[in-house]
Protein chains: 2
Amino acid sequence: MATSGQLMAAEIAEQPEVWRRILAEGNQQFDAAAKTIIDYNPRHVLFVARGTSDHAALYAKYLTEIVQQRPAGLVSPSTMTAYGARPDLRGVLMIGISQSGGSPDLVQSLHVAREQGALTVAVTNQPDSPLARTAAINIDLMAGPERAVAATKSYTAQLLALYLLIDRVTGGDGNAAEALPDLGDTLLKQNDRVAALAQRYLFASRLVSTARGYSYPTAREAALKLMETSYLSAQAFSGADLLHGPLAMIEPQVPVLTVIGEGVGGRAMSQVLPRLKEQGADVFCVGTPEAVAAASVGVELPAGAHETLAPLLEIIPFQQLALHLAIARGGNPDSPRGLRKVTETY
Amino acid sequence: MATSGQLMAAEIAEQPEVWRRILAEGNQQFDAAAKTIIDYNPRHVLFVARGTSDHAALYAKYLTEIVQQRPAGLVSPSTMTAYGARPDLRGVLMIGISQSGGSPDLVQSLHVAREQGALTVAVTNQPDSPLARTAAINIDLMAGPERAVAATKSYTAQLLALYLLIDRVTGGDGNAAEALPDLGDTLLKQNDRVAALAQRYLFASRLVSTARGYSYPTAREAALKLMETSYLSAQAFSGADLLHGPLAMIEPQVPVLTVIGEGVGGRAMSQVLPRLKEQGADVFCVGTPEAVAAASVGVELPAGAHETLAPLLEIIPFQQLALHLAIARGGNPDSPRGLRKVTETY
């Protein structure tokens, strides 16, 4: 019989290898896709995704707004499926993101978008999936089969693929990403330390995660991993939104997870931490040595990744935390109760 | 000394009166704004807001996508403030929503949007606020002073103002909204019943709210009210996103709040309820008599509001629930711990 969490542990550890593969073998697909997008010159970019992939979409939305300098939005799939909206999407770039490429609502959203004049891109781990066949352009995540229900390697593969695509569209050469696999290997060595830290949350029933900017999707994805595997109520807020109401429910028994890295997003958290301290919060920080030292506990990020790429690294300690906490609480993170690997929503 | 929740109770009860005022006195501002927007003919609509106002923005995003048939997005304010993005926004309609009109990040986002070529609209309860002065068009919510920290009447005023604006832009006459104030008065009479139901959650530490389509913003706002006033962890998910992971953490001790009204969004929940039952969930439903009968407990909505307007009504039982639960748990919903009425984020 398989050990609990065996699949998830292997897929977490495999991530730097997946990134190396994308960097080594992905050039042609990114070059070709970027050329088509540059020629199309989108006036606007829309993303459609659900679950973990929606967090990759949120990351790409920040890149699109800040680096590509185009307005961007996340589509509510129901508007084009259940409600039958048929907006004029000429000049719009619509990117669908899904590990399996199989959820009918995403396939239909991309199908409608194409009919309505959008240039469509599918970012999937299954190049022969319905989503990939529906889109004009297919980006293959090359992450290999993902068997644990909680997505890990497909998530960071999505982040890297979206980074490389947008980087190329804005004239980059992707070189900044070359350092990532080695940094990932370094970070993975914290595994035993994170396993020990997981004991801290053995009896927690709820927690909050918070970050800003490029790291906000990390907070969202960290919360989802913990919900999926450890059955905690885990709520993510942008640091700013946290101050607009939810701060009231922070108390010493509601642990806070945060990401405070180098860069604008990390610095913007300086408004949030004093308010968390006023509420008596216990803080787990993934970030710079200074930020970790100021928190209750934490994991330092290896230096060397630009803020735009740091999300690939930041999520790793949270994936490990979800894995070890689930096991410590008697669950099996490879197959959480109530979930299926491919979720079909309409 | 003031009784706990006195301000919030009064402001909840005042809502139909606020709607009557908007319907009676708002015609001129909506006509003028709609004319400017029709002449401008936006290719795309962006919203910027935080907290409760962000839920009004999400509601308006559905209206924009489905009724106005324009692509729409919610802006992450940090991209244009902290990160300094300067996208080309010619042809874009940018709508900023804020009760106070005072948060610096929203003001700066609208200021940048205007410089970058967008047509800007401020929807605020303070016509002399910085946000209102920054925008080309100002929509006054006419809700009167809101003194409870937890926003209630300003929220439904925002929903109604955004409905009337988008309705006029698409050639409507706003008549469908005329029935709302009387329906609101009917619904408010459930107050004692909701106060009794609140006892059910006296010892809950976390809950989940879920709905789809136009009612999804209601689920989000219900969760925020409960977090703000009763210090619960309350997480909102679209019914579809719930199935993509978070479902795993639903168990009999995690109550679920849901909205299942007439229309597409309510019908789309039929995929979700059986899965909740499999997990043994306790369900509080605001919706049709059939949906309430199938739930553990609930409040029936009076018939007569179109799905696009139902969110004004649906939120009322949840506002009442937040009020009564906060008082029952010994808090004062008029001034929750850690919060200020005007939140300034950067």
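Chain letters run A, B, ... following the sequence lines, proteins first, then strands; residues in each count from 1.
With a 4.5 Å cut-off on side-chain heavy atoms, Arg70(B) and Pro87(A) do not count as touching. Residues Met227(A) and Phe237(B) are in side-chain contact: their nearest non-hydrogen atoms beyond the backbone lie under 4.5 Å apart. Between Arg206(A) and Val254(B), the closest side-chain pair of non-hydrogen atoms is not below 4.5 Å.
Of all non-hydrogen atoms in Met249(A) and Ser233(B), the two that sit nearest each other are SD-OG, 3.6 Å. Closest of all the heavy-atom pairs between Ser78(B) and Arg212(A) is CB-NH2, 3.9 Å. Shortest non-hydrogen contact noted between Lys61(B) and Leu74(A) is NZ-O, 2.8 Å.
Distance check: Asp241(B) CG to Ser76(A) OG gives 9.0 Å after rounding to the nearest 0.5 Å. Distance CG/Leu243(A) to CZ/Arg50(B): 9.0 Å, rounded to 0.5 Å.
With Glu228(A) contributing its side chain and Ala248(B) its backbone, the two residues share no donor-acceptor pair below 3.5 Å. The closest donor-acceptor contact from the side chain of Tyr83(B) to the backbone of Tyr214(A) lies under 3.5 Å.
With a threshold of 4.5 angstrom between heavy atoms, Gln68(A) does not approach chain B through any atom at all. If you measure heavy-atom distances from Leu242(A) to chain B, you find no contacts under 4.5 Å at all.
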